[in-house]
Amino acid sequence: MLKIATWNVNSLKVRLEHVLEWIKSAQPDVLALQEIKMQSDAFPHDIFRELGYHAIVSGQKTYNGVALLSKQPMLVETAVSDFPGYCDEQRRILGVEIDGVFILNLYVPNGAAVGTDKYLYKLIWLDHLRNFLTSLLNKRQKMIVLGDFNIAPTDQDVHEPMLWQGGVLVSEKERAAWKSLIDLGFVDCYRKSPVGETQYSWWDYRQAAFRRNMGLRIDHVLASAALVDHLQGCEIDKIPRTWERPSDHAPVMASFLL
DNA sequence: ATGGTGGTCCCACCA
């Protein structure tokens, strides 16, 4: 069984105890972290090694920053932290091969608001992502792409679609970009293994959004076609969102029988 | 209309 999870922690410094606590109970084989908001040399490798995890990091001061934890050794010579041919100072991707599966951890730009420079950056970034995945699929059959996509794929993934209509995270262009990824042959693991009513993965800190379950499902695990038949399940764990001083995101974990 | 970060000890930026 391969248990692989994603979690936007919104500062690993602040959330380290939450991450350790969650790892101990959920026991993922691989954990993709986003928004660690620290430089690579500040990453607490020793603490995770004590729990049995190797780590690779693409860190950045203040903003962004991604990391991958894995119980199995990672093939570091396969690691990538940039789209080929696209210069981006922001540390948002980290890919590596683990046990014959290529894992790609993403922190997709938020986009701020439709029509802004940041929104345009998001769309361009997603275009580079699609191109990168297309080229990866030529040499890799087994791929898992996971992270904070900052896109709610359909209105089903939004607590109050009318309220969000046309806005960032749900706009047509973002959803078209999402579909272009799915059309490469990826499957949204959460939708492949439904567990009843949609659970959200993110709730705004404001307006008591979590208490009122005003959330969006924007954190995802995608599996390439070659892995879909091995998918056992995919769950969103909202418990850490109830903890003191939580991240605004919940961890999402998919299980594969390989 | 909250929360994290960092440069200045309140404010700007980002989500």
Take the protein atom [atom1] of [X] and the nucleotide atom [atom2] of [N], then report the distance between them rounded to whole Å.
| X | N | atom1 | atom2 | value |
| --- | --- | --- | --- | --- |
| A:Q39 | B:dG6 | CD | C1' | 12 Å |
| A:D248 | B:dA15 | CG | P | 12 Å |
| A:L12 | B:dG4 | CG | P | 13 Å |
| A:K37 | B:dG4 | NZ | P | 8 Å |
| A:E174 | B:dA15 | CD | P | 13 Å |
| A:I36 | B:dA15 | CD1 | C1' | 16 Å |
| A:H249 | B:dC14 | NE2 | C1' | 12 Å |
| A:M38 | B:dT5 | CE | C1' | 12 Å |

- Is A:D117 paired with A:K122 through a side-chain N to carboxylate O contact shorter than 4.0 Å? no

- Message: So that I can tick it off, tell me whether A:D204 and A:R212 are bridged by a salt bridge, with the cut-off set at under 4.0 angstrom between side-chain N and carboxylate O.
- Response: no

- Message: In whole Å, measure the gap between the P atoms of B:dT8 and B:dC13 for me.
- Response: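 Per the computed distance, 14 Å lies between those P atoms.
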
- Same-atom distance (P) from B:dA1 to B:dG6, integer angstrom: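 Looking at atom P only, B:dA1 and B:dG6 are 27 Å apart.
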
- Given DNA chain B, 5'-ward residue of the pair A:N150 and A:D204, judged by closest heavy atom: A:D204

- Item | Residue mapping more 5' on DNA chain B - nearest nucleotide basis, A:T62 or A:N110 | A:T62

side-chain N/O [X] vs [N] OP1/OP2, d < 4.0 Å:
| X | N | value |
| --- | --- | --- |
| A:K61 | B:dG7 | yes |
| A:S11 | B:dT5 | yes |
| A:R245 | B:dT2 | no |
| A:R211 | B:dT2 | no |
| A:R206 | B:dA15 | no |

Taking the six-membered ring for Trp, are the ring centroids of [X] and [Y] within less than 6.0 Å of each other?
| X | Y | value |
| --- | --- | --- |
| A:H220 | A:W178 | yes |
| A:F83 | A:W125 | yes |
| A:F48 | A:F43 | yes |

Given [options], the nucleotide with the shortest approach to the side chain of [X]:
| X | options | value |
| --- | --- | --- |
| A:K118 | B:dG6, B:dC14, B:dG4 | B:dC14 |
| A:Y205 | B:dT5, B:dA1, B:dT2 | B:dT2 |
| A:Y63 | B:dA15, B:dA1, B:dC14 | B:dC14 |

- Message: When you measure from the centre of the six-membered ring of A:Y200, is the NZ or CZ of A:R217 closer than 6.0 Å and no more than 45° off the axis?
- Response: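 Cation-pi check for A:R217 and A:Y200: fails.
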
- For A:F210, report the nucleic acid contact type (base, sugar-phosphate, nothing); a contact means any heavy atom under 4.0 Å.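 Since no nucleic acid heavy atom lies under 4.0 Å of A:F210, the category is nothing.
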
- Which base sits across from B:dT8 as a Watson-Crick or G-U pair, both distances under 3.5 Å? none

